[in-house]
Amino acid sequence: MQDTANALLTEPSRDERPASIDLQQEYADVGIAEVLDELDRELVGLKPVKTRIREIAALLLIERLRKRLALTAETPTLHMSFTGNPGTGKTTVALKVAAILHKLGFVRRGQVISVTRDDLVGQYIGHTAPKTKEILKKAMGGVLFIDEAYYLYRPENERDYGQEAIEILLQIMETQREDLVVILAGYGDRMERFFASNPGFRSRIAHHIDFPDYGEDELLAIADIMLHRMNYKFTPAAREAFVRYISLRRTQPLFSNARSIRNALDRMRLRQASRLMADVGRSLQIEDIMSLEAADVLASRVFSRPAAARDA
Amino acid sequence: MRVTQGCFSFLPDLTDEQITRQVQYCLEKGFAVNIEFTDDPHPRNTYWEMWGLPMFDLADAAGVMRELADCRRVYGDRYIRISGFDASHGWESVRISFIVNRPANEPGFRLDRQESVGRNLRYATRSYAAQRPEGDRYQSG
């Protein structure tokens with residue numbers, strides 16, 4: 001079967017090789033420029049990630065050319081690992097990577113199947129293998145995104161079925177490289193331990209990408225984009241309060257970057273709605289409905305109990 | 001005698017690449033793709049054993065081809081066919097079905113004639129292979 005898949009991919013033989021190649025033309029033809037620009041535009045910060053993705057895209061573009069010129073026949077290893085704290089955009093970047101791989105022809109369909117331990121590992125003997133294979137079949141031709149991959153391996157329980165899922169995954173990652181790209185994601189330190197105890201994974205993964213935490217100004221920019229998408233805006237006073245909110249919230253436990261910001265904004269919308277409802281008699285301007293005021297921000301528990309642990 | 005059933009059966013056997021394309025066509029049309037096998041080649045034997053569950057939520061034929069490879073490993077000495085079931089309203093039936101694996105040696109069928117009342121003749125076809133018990137019909141071939 002691998003032979004046929006290769007036969008589908010291999011391009012003309014050496015005899016029909018063109019003399020020169022227009023790299024710019026090639027770049028424009030595959031249309032990854034839009035995806036890369038989208039990545040730059042839609043995601044705030046994440047400079048090292050964007051640089052790495054651009055590098056990988058360049059490598060794959062050249063690889064694609066080499067394949068066309070029959071200089072190489074092998075599919076490069078494309079499995080990746082994304083490490084970083086929660087809410088740093090790992091899933092969003094995975095979607096973009098899938099689009100890039102699809103446009104360059106390294107995956108045939110470009111769908112992203114996002115799974116966690118629950119989807120791969122069964123509950124009783126003999127349940128795991130069919131479950132994992134079912135997911136793998138669905139992901140064929142696309143990208144399999146395994147979130148919090150370290151949960152697959154539970155060293156404290158030697159009869160844990162996760163090991164079985166890992167073995168099947170490793171086998172497919174090796175033998176069906178041209179059918180499927182696997183992206184493992186999770187927090188940095190725990191992924192490190194996961195790779196240390198499963199050396200098979202580390203050697204099969206070509207690209208390790210680390211997602212840094214967002215700075216305060218980046219978080220504010222993210223909040224602005226989110227509000228803009230929801231057709232809300234801060235009043236100047238509220239914006240000032242929110243800057244203070246971010247610097248306080250960052251130092252508290254369970255801070256999960258962009259996700260915490262989104263949750264905070266949701267709670268502020270809630271407070272704004274009840275503030276407006278409290279004064280039902282008043283006639284509202286469209287401006288009133290769109291604006292979040294300082295009071296909506298300052299009512300947060302972050303200000304009253306700075307050191308207390310709270311939900312993310 | 002070469003058994004001809006379903007689509008493409010008067011063509012040479014499909015290569016894996018051709019099967020992949022047909023399966024991809026089925027998946028793109030939204031058919032549920034099934035792998036079935038049997039060792040009873042009688043034309044009226046409609047219901048073959050299924051290999052696994054119908055596959056209707058795959059994006060790419062590679063998943064089906066993997067199952068087919070598994071099925072061939074276990075039942076490589078039997079007939080295997082791939083069928084595509086269209087569940088959409090108004091069809092609700094098998095839209096495509098073709099043989100993807102056959103035994104090395106197909107002994108064919110024997111025609112029985114039975115004389116009955118008033119010079120009538122009753123006909124029956126019997127597969128030579130099916131005279132042996134299920135499971136070891138094709139192993140020698």
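All values below come from the heavy atoms of this structure, side chains included, with hydrogens, waters and symmetry mates left out. Numbered from 1 within each chain, the chains take letters A, B, ... in sequence-line order.
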Problem set entry | Portion of B:Gln18 that has a non-hydrogen atom of chain A nearer than 4.5 angstrom |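 Neither the backbone nor the side chain of B:Gln18 comes within 4.5 Å of chain A.
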Considering residues, nucleotides and ligands other than [X], do more than 12 of their heavy atoms fall under 6.0 Å from its [atom1]?
| X | atom1 | result |
| --- | --- | --- |
| A:Lys103 | NZ | yes |
| A:Tyr27 | OH | yes |
| A:Glu34 | CD | yes |
| A:Arg159 | CZ | no |
| B:Leu11 | CG | yes |
| B:Arg95 | CZ | yes |

Just how far is it from atom [atom1] of [X] to atom [atom2] of [Y], taken to the nearest 0.5 Å?
| X | Y | atom1 | atom2 | result |
| --- | --- | --- | --- | --- |
| B:Leu58 | A:Lys137 | CG | NZ | 6.0 Å |
| B:Asp70 | A:Lys133 | CG | NZ | 6.0 Å |
| A:Glu134 | B:Met55 | CD | CE | 8.5 Å |

Exercise. Is there side-chain contact between A:Met140 and B:Met65, with heavy atoms separated by less than 4.5 Å?
Worked result: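 They are not in contact (no side-chain heavy atoms under 4.5 Å apart), so the answer is no.
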Exercise. Under 4.5 Å between any side-chain heavy atoms of B:Gln24 and A:Arg108, yes or no?
Worked result: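 No, side chains not in contact.
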For this session: Could you look at A:Ile172 and say if it's the side chain, the backbone, both or neither that has a heavy atom under 4.5 Å from chain B?
Result: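 Contact with chain B: side chain only.
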Problem set entry | Shortest non-hydrogen contact between B:Ala59 and A:Gln111, atoms and distance | CB-NE2, 3.1 Å
